[in-house]
Structures are given as structure tokens and as C-alpha cells.
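Hydrogens, waters and symmetry mates are skipped; everything else that's a heavy atom, side chains included, is used.
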Number of protein chains: 2
Amino acid sequence: MSLRYAVLEVLQASPMNGYRLARRFAEAQRWVWSAPQSQVYGVLAKLREDGLIAGAVREGENGLSTADYSLTPEGERHLARWISEPHSEPPTRDPFALQALGFDAVDTDSAVAVLEAHIAEQEALIEQWGEHREALLRRDTPLLRERLKARPAGEHRRIAEVKAMVFGRQVELATAKVDWARRMVDLLRDLDREAPARDESASA
Amino acid sequence: MSLRYAVLEVLQASPMNGYRLARRFAEAQRWVWSAPQSQVYGVLAKLREDGLIAGAVREGENGLSTADYSLTPEGERHLARWISEPHSEPPTRDPFALQALGFDAVDTDSAVAVLEAHIAEQEALIEQWGEHREALLRRDTPLLRERLKARPAGEHRRIAEVKAMVFGRQVELATAKVDWARRMVDLLRDLDREAPARDESASA
DNA sequence: CTCGGCATGTAACCGGTTACATGATTTT
DNA sequence: AAAATCATGTAACCGGTTACATGCCGAG
């Protein structure tokens, strides 16, 4: 459902064709929303049908015909309404937490290995999101530059700070996950020291 | 995919029938995984086919026939393997972050209202998860009590502390979200004071 | 006798994933 | 000429959601 709005937000910043849009969403693990290329074209078709976007077919620089989609006035209103209304969170569904619930049932070393892989993954995300945040504050990302071009200078600061703040959130959440995982490693090690040589159901 | 393992984890703690299991997952917004009743029966059927669980048909206390499912040895191994292996995080897909990215494009009051609804929602979760965490440490939840009955006393501490720690994580993550949302409110208000009376595309 | 709770499902739908198809153009 | 990239899709599948179907039992 939300991909619609993710697409609208990107197209609002800068009109572009399906290919560029699809690439953005396909590459963007690090972004707040990701989607495979095939899904983007579907959503694009639906948004067109619903009259929320319109594609100006344009002769690309290379003679290739390509449609630059941008929001219709109705699309702008639709997006603004979605942003302005509270939407209840989707039900919790956290595979890692589910896995961690089972750490009492496996040997400590395996659990620690899983936690360390998790830490590494989150730290990579922290770096990517952090860099993106910095780039936003410098107003130095491709999409933001295109977005600012279309907006009065008085709004530039607000736009950049809000976007940067959201990536700051992602960094903070990932940092909290890393902190927790380290404490979980300590806990498992402590429990092992206090009650040593338990034999788990799966013994070597 | 993960619902399989969520089901296995619950059945490992205590064998039960589809109804009780389905109710758990349907009610459990507050849990780490939720699922509608209809899906649980489907997963249950598949786990049966795959030989990971077996249902002992039993005459219920009221003469009603009901199947108590529990893990087969293969099911135990399967679950232990899944818990012991790292699984990469699913691609980021955070509807709230997506919405927050658009806060620069709507008026501050609307954005603040959305943020306050978010804060209220997260605080409710914090309370529920926090209570559950306390209950786990007291070893006073229905499922944990049933689980501990089947395990030697020497493991009780480890089991309770690990489970509690996971709910502690959920509390910490939700707390980080609340903290961030409050700072976001401040930021929007500050930006408004510094560059007052901007008129957003949607003016009253 | 009806209503709510126990118990087990089926059916239709939708969002998201994986994989494949097609054709043009640009680069090597 | 072959490979990479631009550009736009289709098809099959799967996990998850909503809604409905069925029947038994005990309580009011």
C-alpha cells in the first residue's frame, strides 16, 4: 500500500521515468522503502489510471522515447492528505526478535554468532544512513538538489532538516539495536558462567 | 515465512490446539509476531505435512475432540537450526518513516498531530511490552509457566532472562521512537518560529 | 432456544518477490 | 559483434488479510 506514496514522494521531488524510479527502489535497501523493479511499473500504471500522476512523453536525449511522470494536482492533494493523517502501525512483525526469543534454546556460541552478524548488518546500515543524513544537511544528494530547485529558497532549510531528521531516526533505531545486541551477548555469556556446562538439546 | 517459526516456538513451550494458537496470534499486536486466525490453520497444516509437528487427537475436557500439536524431533531440530543461523534483515519498509519524510510538505500542526498520535501508540506498546517483560522476570506468564514445567530448574533463569530481554528490546526501540518524535515536534516548531507564516501548498 | 465461545477450516484478494521477455541504444 | 544499459513490461508464486462457512457445546 505504501509504495504508492513512496513513489508519489519521489516523483514530487523530481519527475522521472519508470526506469529511473524502479532503479531507485530496487537499489534502496538503505532507503526507507524498497521494491523490486517489476512492482514499480505496476504501481505506476495504477497511479496513472487513478489520475494521480501524468506522464509527459518526451524524446529522451538519445532519441529514445520515455515518459516523465509527475504529480497531477489531485496527486499532490492525495499525497498531502496521506501525510497529514495518522495511520496506525502495521502489526508487529520482527523476524529478528522472533529469532532472539529462541536464544535460550540453543548454545551460547551460536546465539552470539547470530547476534554478531546482526550487529555487523546494523552497523553497515548506520553508516549508510548516517552518510545520507550528512549529505542531506549539506543539501548534496541528487534528489534533494532537484527538489530544492522547484521550491523557494525560504523553504530549503525546512526541507533539508526534516529529511535529514528522518534518516537520523533510522540511525538511532539501528544504534539501539546494536546496543541491545551487545548487552544480549553479555547476558548470554554471564548466564553461561553462572550455570556452566548446560547441555542444550543439540549437543555436539 | 517466519510465522512457521513463531508457531514452532509457541508449540515448543506448550503443545496446544489450533484454536488456542490462532487466538494467541490474532490477539497479539503487542507480541513480536501477529497473524490472523485463518493463516495459522494453514501454517499448521503445512507443518503437519512437513512432519515438523504432530497432533495427538485428544478428547477435550468437554467431550470435544481437539488435536494437541507438539514438535516432532525433526521439528525441534528444524527450529534449533533456524534460531542458530543468521538471517539477513528483510528490506527496510517503514511506513511511518515514509510519512515523516513528507512532513516538510504539510503544515506544522498536521505533522505534529501525526507525531503525537505516533507517540501515544508507541507509549501504549511500551506499557504492554514492559508489563510483559516484568511478568516474564517474575516467571508469571501462562506460556512461560508451561514451558518451565518441561525444563530442568537449572535452565529456568536463562529461559526467563532471555525472553524478558527480547521484550526489553521492544521497549527500548519504542522508547527511541518516542524520543525521536518529540524532538521532531520541537524541530518543526523551531523551524516555524524562525521562518514564520510560510504558506504550504495546502492552505486553509 | 438463542447466543457466545470452542474448534476448524475455505475463498477471494492484494502486496510483494522472482524470474523471464522484449527491444532499442550505447559501449567495448 | 557482443555485452552492458536504457526502458517497459508479463507471469507465476507466496505470505498475509478479510470475510465467510460449519458444527458442537454450555450458559442464560
Check the phosphate of dT8(C) against Tyr19(B), side-chain N and O only, distance under 4.0 Å to OP1 or OP2. Yes or no?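 Tyr19(B) to dT8(C) OP1/OP2: no side-chain N or O under 4.0 Å.
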Tell me whether the side-chain N/O atoms of Arg23(B) come closer than 4.0 Å to OP1 or OP2 in dG5(C).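 For Arg23(B), the contact criterion (side-chain N or O under 4.0 Å from OP1 or OP2 of dG5(C)) is not met.
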Let me know the distance between CZ of Arg24(A) and C1' of dC6(D), rounded to the nearest Å.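 Rounding to the nearest Å, CZ of Arg24(A) and C1' of dC6(D) are 18 Å apart.
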When all nucleic acid strands are considered with a 4.0 Å heavy-atom cut-off, which category describes Arg4(B): base, sugar-phosphate, or nothing?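 Nothing: the residue Arg4(B), judged by heavy atoms under 4.0 Å, touches no strand.
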Within the distance-only criterion (no hydrogens, no angle test), does the side chain of [X] pair as donor or acceptor with the backbone N or O of [Y] below 3.5 angstrom?
X         : Y         : answer
His156(B) : Arg151(B) : yes
Gln128(A) : Trp31(A)  : no
Gln12(B)  : Leu71(B)  : no

Where is the tightest heavy-atom contact between Glu85(A) and Gln99(B), given as atom of each residue plus distance?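 Distance-wise, the nearest heavy atoms are O-NE2, 2.5 Å.
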Give a yes or no on whether the ring-centroid distance for His87(A) and Phe96(B) is below 6.0 angstrom.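 So the answer is no for these two rings.
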Would you find more than 12 non-hydrogen atoms of other residues, nucleotides or ligands less than 6.0 Å from Glu127(A) atom CD?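 Open: at most 12 neighbouring heavy atoms sit under 6.0 Å from CD of Glu127(A).
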B/S/- along nucleotides 9-22 of chain C (protein heavy atoms under 4.0 Å) is BB----SBBBB---
